[in-house]
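Just below is one structure, and these are the notes that go with it.
Only a predicted model underlies this, so the values are computations on that prediction, with no experimental measurement involved.
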Amino acid sequence: MPRPFLTRSEEKVSVGAIKNARHPFYDHCHQALDQIKHQGRYRTFTPLARQAERFPLYEEAVRDLPQGREVIVWSTNDYLGMGVVPEVQDAAIAAIREHGAGAGGTRNIAGTSPLHTQLEAELASLHGKEAGLLFISGYVSNQASLQTILTSMPGWICFSDRLNHASMIAGIKGARGSQTVIYEHNDLKDLEEKLAAAPKDAPKLIAFESVYSMDGDISDIAGTCALARKYNALTYLDEVHAVGLYGQEGGGVSQRDGVADQVDIIEGTLAKGFGVHGGYITASAEIVDFLRSTASGFIFTTALPPPVVAGALASVRKVRAENWRRESIFERVNTFRHRLRAAGVPFTMTPSHIVPIPIGDAERCKRICRRLLTEYGHYATPINYPTVPQGTERLRLTPGPFHTDEMMDDLINALGVLLREEGVMPARQAACSAA
Ligand SMILES: Cc1ncc(COP(=O)(O)O)c(C=O)c1O
């Protein structure tokens, strides 16, 4: 007959055994990390503290040096420098004094302030939609919205661009019971063939982005919406890398192209062109109300903190009202490209504000980045697999309104030396190889 309790000595033995037993997950971590290192995919972070008053200068913590070293950063996603604008900072500071540091609960419990509703109304108006809904990040807005929509009715088919962001893929993959059809990147012919082959009555959704941030190309929103109308599909557009920068008020490429009203759901972030933090969707009143009432990633998490919401609100209002940063970023990007071309430094020509420098090898890419920082005081993120396919590793540069001509020349000189030494550029090259 089994005994209900262990004797004291049996207890000691079993506790000791548990203490000594090593869960297999620990070994798994070691093995996986060894493999990641072996493949050159191990991620090391560079500690860089932004200098709000000297942006785009950052302070790098250097071992053995009492004070940090100033470096010029070329890869921030705060494209317009809105995070360091005094009115944005002041709004955040005032909100923290008035309302405290955190929201104190989910939107349902205690996390809905007038600031939250004002920001949602501002974003809805920016995109010409009936309503908006805030999420704790752009990632969560994509993941939660897509997963919730695609599990709402039986039989959903999601047509997803091959290069969609990980957050959209997470939402689409998490929608159990729905079907996913991946179409070739920005290829409307392929999309149409796939839409035409799908059952006519199945509920369909097309998920795509406007600016694809790693390649810097831009999708045909009008063409995609025309196909959506023809095959009765809902459209879900990620404007994360476009809001603030494109359109007469920074409403994104859909605003620039005059097609925002053709898109059912426009998703964006407050963390890039608006320089603060948070994600959102804008859409018709019933879609927003549905997601507000059913999306787990919206309902069961603490709301964005008041200083973040106040800062974002000030930023969106400023970005809508003032055009000079938008004009300036494209002037700066064009100047940068001209200077790269004149110096014979290879870059990929894109229709957006993103300037990729192709390197083509993970180790070399990381080495160039490290040398650029340690020897020349410039920082540009190395983009490696799995963010981009192997063999297409690159540096991704995003010059902004505050990068001066002198900063550009200094960087381009450094790139010229390093790319030659690392065999990316021939020893002497005069012509531009932009493609
Ligand atoms: C296309 C795209 N969508 C969504 C996100 C997530 O946005 P957030 O950084 O606000 O979470 C990113 C982040 O880089 C992105 O590149």
Any heavy-atom pair between the side chains of [Y] and [X] that's under 4.5 Å?
X    : Y    : value
Y79  : N77  : yes
E122 : L313 : yes
V85  : R325 : yes
L270 : L134 : yes
K366 : E393 : no
S254 : I266 : yes
I265 : I149 : yes
V211 : H353 : yes

[X], [atom1] atom: more than 12 neighbouring heavy atoms under 6.0 Å:
X    : atom1 : result
R69  : CZ    : yes
N232 : CG    : no
N323 : CG    : yes

Verify, without hydrogens or angle tests, whether [X] (side chain) and [Y] (backbone) share a donor-acceptor contact under 3.5 angstrom.
X    : Y    : value
N164 : A207 : yes
S315 : G311 : no
S352 : G216 : yes
Y212 : E209 : yes
E422 : R420 : no
T387 : I383 : no
R394 : G360 : no
E239 : V253 : yes
E60  : V71  : no
E70  : L57  : no

Under-4.0 Å salt bridge between [X] and [Y]:
X    : Y    : value
E193 : K189 : yes
E421 : R371 : yes
K272 : D78  : no
R332 : D405 : yes
R317 : E322 : no

Within 45° of the axis and under 6.0 Å from the centre of the six-membered ring of F298, does NZ or CZ of R292 qualify?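 No, R292 and F298 do not form such a contact.
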Using the six-membered ring of Y42, assess whether NZ or CZ of K37 lies under 6.0 Å from its centre and within 45 degrees of the ring axis.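 Yes; both conditions hold, so K37 lies above the ring face of Y42.
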Go through Y236 and F159 one step at a time and tell me if the ring pair (Phe, Tyr, Trp, His ring centres under 6.0 Å) criterion holds. CA-CA 10 Å; Y236 183 101; F159 297 81; over 10 Å; no
In this structure, is the centre-to-centre distance between the rings of H165 and F208 below 6.0 Å?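 Distance test on ring centres: not under 6.0 Å, no.
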Going by the angle between their ring planes, with limits at 30° and 60°, are H378 and W74 parallel, tilted or perpendicular?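 The arrangement is tilted - the two ring planes meet at 30° to 60°.
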Identify which one of T398, V73, I329, I72 satisfies the side chain to side chain contact (heavy atoms under 4.5 Å, CB included) criterion when paired with H403.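 Only one option passes, and that is I72.
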Can D220 and N186 be said to form a side chain to side chain contact (heavy atoms under 4.5 Å, CB included), step by step? CA-CA 7 Å; D220 177 353; N186 274 347; over 6 Å; no
Do you know which two heavy atoms are closest between I412 and A343, and how far apart they sit?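 Looks like CG2-CB, 3.4 Å.
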Output, in order, the C-alpha distance, side-chain angles, deciding distance and verdict of side chain to side chain contact (heavy atoms under 4.5 Å, CB included) for M168 and V240. CA-CA 12 Å; M168 299 169 91; V240 158; over 6 Å; no
